[in-house]
Amino acid sequence: MSGTQMDGRVAIVTGSGRGLGRSHALLLGSLGAKVVVNDLASADEVVELIRAAGGDAVADSSDISTPEGAATLVKAAVDTYGSLDTVVNNAGVGRFTTMDDVTIEEYELVRSSGLDGTFYVTHAAWTHLKASGRGRVVITTSGNGLIGAPSSISYSIAKAGVFGLMRAAAIDGAESGILVNSIGPMAATPMSVKVVTEEVAAQMQVDYPTELVSPIVAVLAGDACTVTGHHFDVGGGWLASSFVGTTQGIYDRSMTPDSIVADWSKILDEENYVEFRQASDTMAMVQTAKTGASV
């Protein structure tokens with residue numbers, strides 16, 4: 001992949017007044033994108049920094065946790081710049097409790113900002129991204145959602161939801177040239193440092209600066225990106241692609257509870273696995289298994 005400049009691109013970055021979103025917006029602006037800096041409270045400073053460096057940006061304070069707010073944000077981008085090419089879904093709220101302690105109010109807050117907001121903005125932008133012919137969507141998920149983490153029930157649910165959104169939207173957008181991918185960032189942000197000691201927070205600032213996450217966002221947000229439906233874990237100087245794998249499993253038309261238990265080790269054997277690009281691909285595995293061959 002090449003061509004990481006973003007001249008002429010119009011990009012929305014949600015939750016970009018501070019933390020990761022701020023870093024993303026500043027980098028995209030420095031690469032030539034016209035940036036709509038969306039944040040409920042603190043977008044103006046980031047806009048000033050982008051402009052001071054010779055870039056082009058405007059502030060937006062729409063509440064993306066509502067369909068109306070997301071639509072207002074997208075309209076502001078199109079009214080200001082005439083088009084929309086890129087959406088970086090970064091906004092989210094973190095609350096870290098167990099299933100024993102979580103409240104319905106907490107769950108709804110985390111879901112509405114992270115999952116609902118990501119869907120509302122992407123949905124509102126979709127027509128414009130199709131019209132662009134080179135639409136890009138970057139979705140922020142987390143290892144909490146893909147793998148799970150202790151004391152993280154609301155956050156994990158929301159982040160698992162946006163991973164599913166990414167995979168489905170990538171399939172839907174392929175014919176229109178819309179490429180949709182996700183990142184799982186590890187960074188010292190106002191949200192992440194709240195749940196650790198001051199000593200750990202200080203070390204996180206050194207080991208996991210937000211600036212080491214934003215480069216992959218810039219790649220996925222522009223013409224350099226040629227992949228869709230992929231997830232990237234990134235942080236502290238490390239970058240890797242993660243995916244969902246399926247074991248070879250067993251094929252047994254006489255399957256019973258007892259036979260499953262007998263073959264349990266084969267079902268869980270992770271030595272040989274398959275990566276599917278969409279859910280219906282699993283049906284091909286059944287058909288292949290009939291022949292006794294590996295997928």
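- Note: L239 CG to D233 CG = 8.5 Å, rounded to the nearest 0.5 Å.
- Residues N181 and V227 are in side-chain contact: their nearest non-hydrogen atoms beyond the backbone lie under 4.5 Å apart.
- Listed for the R136 side chain is a donor-acceptor partner under 3.5 Å among the backbone atoms of C225.
- Between the side chain of S142 and the backbone N or O of N144 there is at least one donor-acceptor pair closer than 3.5 Å.
- Taking 4.5 Å as the limit, some side-chain heavy atom of R134 sits within range of a side-chain heavy atom of D85.
- Screening residues 117-130 for side chain to side chain donor-acceptor pair (under 3.5 Å) gives N89-T122 as the qualifying pairs, with residues at least two apart or on separate chains.
- Under a 4.5 Å side-chain heavy-atom criterion applied to ILVMFWY residues, the cluster that includes Y107 comprises M99, V102, I153, I157 as well.
- A heavy-atom distance below 4.5 Å is found between the side chains of V37 and I50.
- Checked against side chain to side chain contact (heavy atoms under 4.5 Å, CB included), A71 has no partners two or more places apart in sequence or in another chain.
- At most 12 non-hydrogen atoms from other residues, nucleotides or ligands lie less than 6.0 angstrom from CD1 of I104.
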Practice item. Assess whether side-chain contact (heavy atoms from CB on, under 4.5 Å) is satisfied between I260 and T256, documenting all intermediate values. Key: CA-CA 6 Å; I260 290 174; T256 65; over 6 Å; no

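- M6 and V10 are members of different hydrophobic clusters when ILVMFWY side chains are connected at heavy-atom separations under 4.5 Å.
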**Study point:** Check against side-chain contact (heavy atoms from CB on, under 4.5 Å), I12 and T14
**Key:** CA-CA 6 Å; I12 286 173; T14 66; 4.0 Å; yes

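- In terms of heavy-atom proximity, V213 sits nearest to A187 at CG2-CB, 4.1 Å.
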Review point. Given R95 and V93, is the side-chain contact (heavy atoms from CB on, under 4.5 Å) satisfied, shown in steps?
Key: CA-CA 7 Å; R95 295 292 186 273; V93 172; 3.1 Å; yes

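- Contact annotation: the side chain of L73 approaches that of I64 to within less than 4.5 Å [non-hydrogen atoms, C-beta and beyond].
- Not a single donor-acceptor pair under 3.5 Å links the side chain of S152 to the backbone N or O of A149.
- V13 and G21 make their closest contact through CG1-O, 3.8 Å (heavy atoms, listed as atom of the first residue, atom of the second, distance).
- For residues 211-222, every residue pair satisfying the side chain to side chain donor-acceptor pair (under 3.5 Å) rule, not counting sequence neighbours, is listed here: S23-S214, H24-S214.
- I139 is listed as a side-chain neighbour of V137, based on a closest heavy-atom distance under 4.5 Å.
- Minimum interatomic distance between I183 and P185 (heavy atoms only, all atoms of both residues): O-CD, 3.5 Å.
- Distance CD1/I267 to CD1/I250: 4.0 Å, rounded to 0.5 Å.
- Grouping the Ile, Leu, Val, Met, Phe, Trp and Tyr side chains by contacts below 4.5 angstrom, directly or via other members, places L20 apart from M166.
- For residues 97-116, the salt bridge (charged side-chain N to carboxylate O under 4.0 Å, His left out) pairs, not counting sequence neighbours, are R111-D116.
- N38 and S61 make their closest contact through ND2-C, 4.3 Å (heavy atoms, listed as atom of the first residue, atom of the second, distance).
- Every residue two or more places apart in sequence or in another chain was checked for a side-chain hydrogen bond (donor to acceptor under 3.5 Å, both in side chains) with T72, and none qualifies.
- L179 and V87 fall into different hydrophobic clusters, where Ile, Leu, Val, Met, Phe, Trp and Tyr residues are linked whenever their side-chain heavy atoms come under 4.5 Å apart, directly or through other members.
- Put simply, L26 and V217 are part of the same group of oily side chains (I, L, V, M, F, W, Y) that touch within less than 4.5 Å, one to the next.
- Separation of atoms OG (S182) and CZ (F232) is listed at 8.5 Å; rounding is to 0.5 Å.
- Among pairs with a residue in residues 35-47, those fulfilling salt bridge (charged side-chain N to carboxylate O under 4.0 Å, His left out) read R22-E45, at least two apart in sequence or across chains.
- Following chains of ILVMFWY side-chain contacts shorter than 4.5 Å, one cannot reach L212 starting from V219, and the two form parts of different hydrophobic clusters.
- For the atom pair NZ (K34) and CG (D7), the distance works out to 10.0 Å, reported to the nearest 0.5 Å.
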Check your understanding: Between T246 and Y273, does a side-chain contact (heavy atoms from CB on, under 4.5 Å) hold up when you go through it step by step?
Key -> CA-CA 5 Å; T246 302; Y273 60 83; 6.0 Å; no

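- Considering OH of Y81 and CG of D56, their distance stands at 3.5 Å, rounded to 0.5 Å.
- Residues that satisfy the side chain to side chain contact (heavy atoms under 4.5 Å, CB included) test with E48, not counting sequence neighbours, are absent from this structure.
- Applying the salt bridge (charged side-chain N to carboxylate O under 4.0 Å, His left out) rule to pairs touching residues 252-272 yields D263-K266, sequence neighbours excluded.
- For the atom pair OG1 of T210 and CE of M186, the computed distance is 14.0 Å after rounding to the nearest 0.5 Å.
- By the side chain to side chain contact (heavy atoms under 4.5 Å, CB included) test, L40 is found to be paired with D63, residues two or more places apart in sequence or in another chain being considered.
- Using a 3.5 Å distance cut-off with no hydrogens or angles, the side chains of H231 and S242 do not pair a donor with an acceptor.
- Using a 4.5 Å cut-off on side-chain heavy atoms (C-beta onward), V58 and R51 make contact.
- For the pair L84 and S132, the tightest heavy-atom approach, listed with the atom from each and the gap, is O-CB, 3.7 Å.
- K75 pairs by the salt bridge (Lys or Arg N to Asp or Glu O under 4.0 Å) definition with D79, not counting sequence neighbours.
- Of all heavy-atom pairs between V88 and A221, the closest is CG2-CB, 4.4 Å.
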Point to revise | R9 and T86: CA distance, side-chain angles, deciding distance, side-chain hydrogen bond (donor to acceptor under 3.5 Å, both in side chains) verdict | key: CA-CA 7 Å; R9 276 192 171 270; T86 297; 2.9 Å; yes

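- The closest side-chain heavy-atom distance from T97 to Y155 is not below 4.5 Å.
- Partners of R167 under the salt bridge (Lys or Arg N to Asp or Glu O under 4.0 Å) rule, at least two apart in sequence or in another chain, do not exist in this structure.
- Other residues, nucleotides and ligands contribute more than 12 heavy atoms inside 6.0 Å of the CD atom of E275.
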